[in-house]
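Right, one structure below, let's go through it.
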Amino acid sequence: MTTLAEALFRVMFTYDCIGEEKIPAEGGVVIAAKHPSYLDPVLLSLQVSRPIRFMAWEGLFRVPLVGAVIRAFGAFPVDVRKGRGREAYARARALVTAGEAVGIFPEGKRSRTGWMEQALREGAARLALETGALLVPASITGAYRAWPHFQSLPEPARVRVRFHDPIDPAPYRSLPEAEALEGLLAELRRRVERSLLPGVKADLRTSVLYRTPPPWPRGYEAVPPLALAVALFWKTRSLTLVAPVYAYIAYLLLDHFVIPPSRLAKWVRNASPVLFLLAFGPYALRALGRPEVPAGGALAAVLLGALFPYIYEHGRTALGFVRGMVVAAGLELAALYVAPEGVGPHIALPLFAAAYAWDGRTVFWRYAVPVLGGYAIGVALLLRADVAAIAHALAGLLAWLLLRLFPLRPASPPVEELPASGLGLRL
């Protein structure tokens, strides 16, 4: 179960963990974490070598799938109602005394804003104070965007877990209990919120961008299809054949004027040039008298797989990939006139995607680059492409080079500009 959960979480949520080495390798320790989502027990455990026994709200164990996953990761339930948590606290204390790592969410419930709640429960501080165990603060950014309290199901997002330097309770043990608990909680809050600021601001900026009106049709969205429509009509004199192009342009205008802004609407809009290319490309090639692409379904699946990681990427990077795919498709069309081989798109488009992922070190690039590059070479060998295939390889690499020389935006945004992520952003 844990292996399956880890694979699922790493694919659905681009996951990064920093500072896990700050958790002692052995001995009792208390991990006190920010609680932005239902996902937190799993997110905190994924990259930590020792098991963390989380004290989690009992209602969480009744959530389908989530309950089974957090049980597999060692969580145990606690009744968060006032005066009902003594049994769970006694169990947590026994675990820490026995040398285990216990995780507690001091907020006692999921955050309503992405920040730490104003009122923190004393359990984590008291546990560290009474047992003498180190108190390790942890912050989670991105999980509030993935699964906020008002949303029924999670969505893809970039998630980062950060473990901070441990707090030694020893200096506080000489203070009166109330003062010691207050001091520990204040230091815990200070360390967590210091790292939350950039992530919370990015979450807020993203939520605002999802509600902003979509842009007018961009140049790389509208100009290439219109140029293709002119070429098709010039050759065939068929209005029916070019109708899908004008339907696509109509969609871009409807998205700007009519379709309500939302995360899904922006994802579809920003990915639409690639989707249109995959859907209309085979008909356009046939009408222009170019060779038919064998195993077109396989090529479409590979390119959609190459597009998937950009759901999590910075907006400029994601839109740069889409624009580059449009450029690569145009150059590949020219290559099909120079070297008319149906295998050409199997070489040019995956090679561009591999080069772009490698150059930008994009999400999952360590997996994407060998898979895409291997696909292009493997298909060329399998379909026995001749030396003319070099023209198609050059088309894909030239598209990457042009994008490198003329990026969508300057490589370094202004310092005050906060990072924004995903195909859903209008940048």
Side-chain angles (χ1 to χ4, degrees), residues 217-238 241-242 244-246 248-249 271-300 302-304 306-307 319-359 372-373 375-381 383-408:
R218 306 175 180 101
Y220 65 86
E221 291 176 325
V223 174
L226 288 173
L228 181 62
V230 171
L232 288 171
F233 186 74
W234 183 271
K235 184 173 181 63
T236 66
R237 296 296 192 271
S238 171
L241 183 63
V242 299
V245 175
Y246 294 105
Y248 174 59
I249 301 299
S272 65
V274 176
L275 301 178
F276 176 76
L277 168 69
L278 295 177
F280 187 64
Y283 301 100
L285 290 177
R286 193 178 303 120
L288 291 171
R290 297 301 88 202
E292 188 168 345
V293 179
L299 178 61
V302 166
L303 295 180
L304 288 175
L307 178 67
L319 295 182
F321 173 78
V322 173
R323 188 178 72 146
M325 285 295 295
V326 173
V327 174
L331 292 173
E332 170 55 19
L333 180 59
L336 285 170
Y337 279 91
V338 175
E341 290 193 17
V343 71
H346 286 278
I347 299 171
L349 301 182
L351 272 184
F352 162 76
Y356 187 86
W358 171 80
D359 183 45
L372 291 167
Y375 175 87
I377 296 171
V379 171
L381 294 174
L383 298 181
R384 299 181 179 179
D386 58 26
V387 70
I390 294 175
H392 302 282
L394 290 176
L397 296 176
L398 180 58
W400 162 73
L401 182 60
L402 288 173
L403 211 66
R404 196 72 158 68
L405 295 174
F406 306 101
L408 190 63

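What you are looking at is a predicted structure, and each value in this text was computed from that prediction instead of being measured.
- Within 6.0 Å of the OH atom in Y283, the count of heavy atoms belonging to other residues, nucleotides or ligands does not exceed 12.
- For the side chain to side chain donor-acceptor pair (under 3.5 Å) test, residues two or more places apart in sequence or in another chain that qualify with R404 are D359.
- Looking at every heavy atom in both residues, A306 comes nearest to A353 through CB-CB, 4.1 Å.
- Judged by distance alone, with hydrogens and angles left aside, the side-chain atoms of R237 form a donor-acceptor pair with the main-chain N or O of W234 at under 3.5 Å.
- Counting only heavy atoms from C-beta outward, the side chains of L405 and L401 approach each other to under 4.5 Å.
- Nearest heavy-atom pair across E221 and Y248 is O-CE2, 3.4 Å.
- In terms of modelled atom types and a separation under 3.5 Å, the side chain of H346 and the main chain of A298 share no donor-acceptor contact.
- Side chains of L351 and I377 form no contact here, defined as non-hydrogen atoms less than 4.5 Å apart.
- Under the 4.5 Å side-chain criterion, counting only non-hydrogen atoms from C-beta, L383 is not in contact with E341.
- Summarising the geometry of A399 relative to L331, their closest heavy-atom pair is N-CD1, 3.6 Å, with the distance given to 0.1 Å.
- Panel note: side chain R290, backbone L336; a donor-acceptor pair is recorded below 3.5 Å.
- Contact check for V327 versus F352: no side-chain heavy atoms found under the 4.5 Å cut-off.
- The shortest distance between side-chain heavy atoms of L288 and K235 falls below 4.5 Å.
- Between I347 and V379 there is no side-chain heavy-atom pair separated by less than 4.5 Å.
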Inset, instruction - Please step through side-chain contact (heavy atoms from CB on, under 4.5 Å) for the pair L285 and L333, ending with a clear verdict. - result: CA-CA 8 Å; L285 290 177; L333 180 59; 3.7 Å; yes

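- Annotation: side chain of V322 is in contact with side chain of L307 (closest heavy-atom distance under 4.5 Å).
- At a threshold of 4.5 Å between non-hydrogen side-chain atoms, the residues V245 and F276 count as touching.
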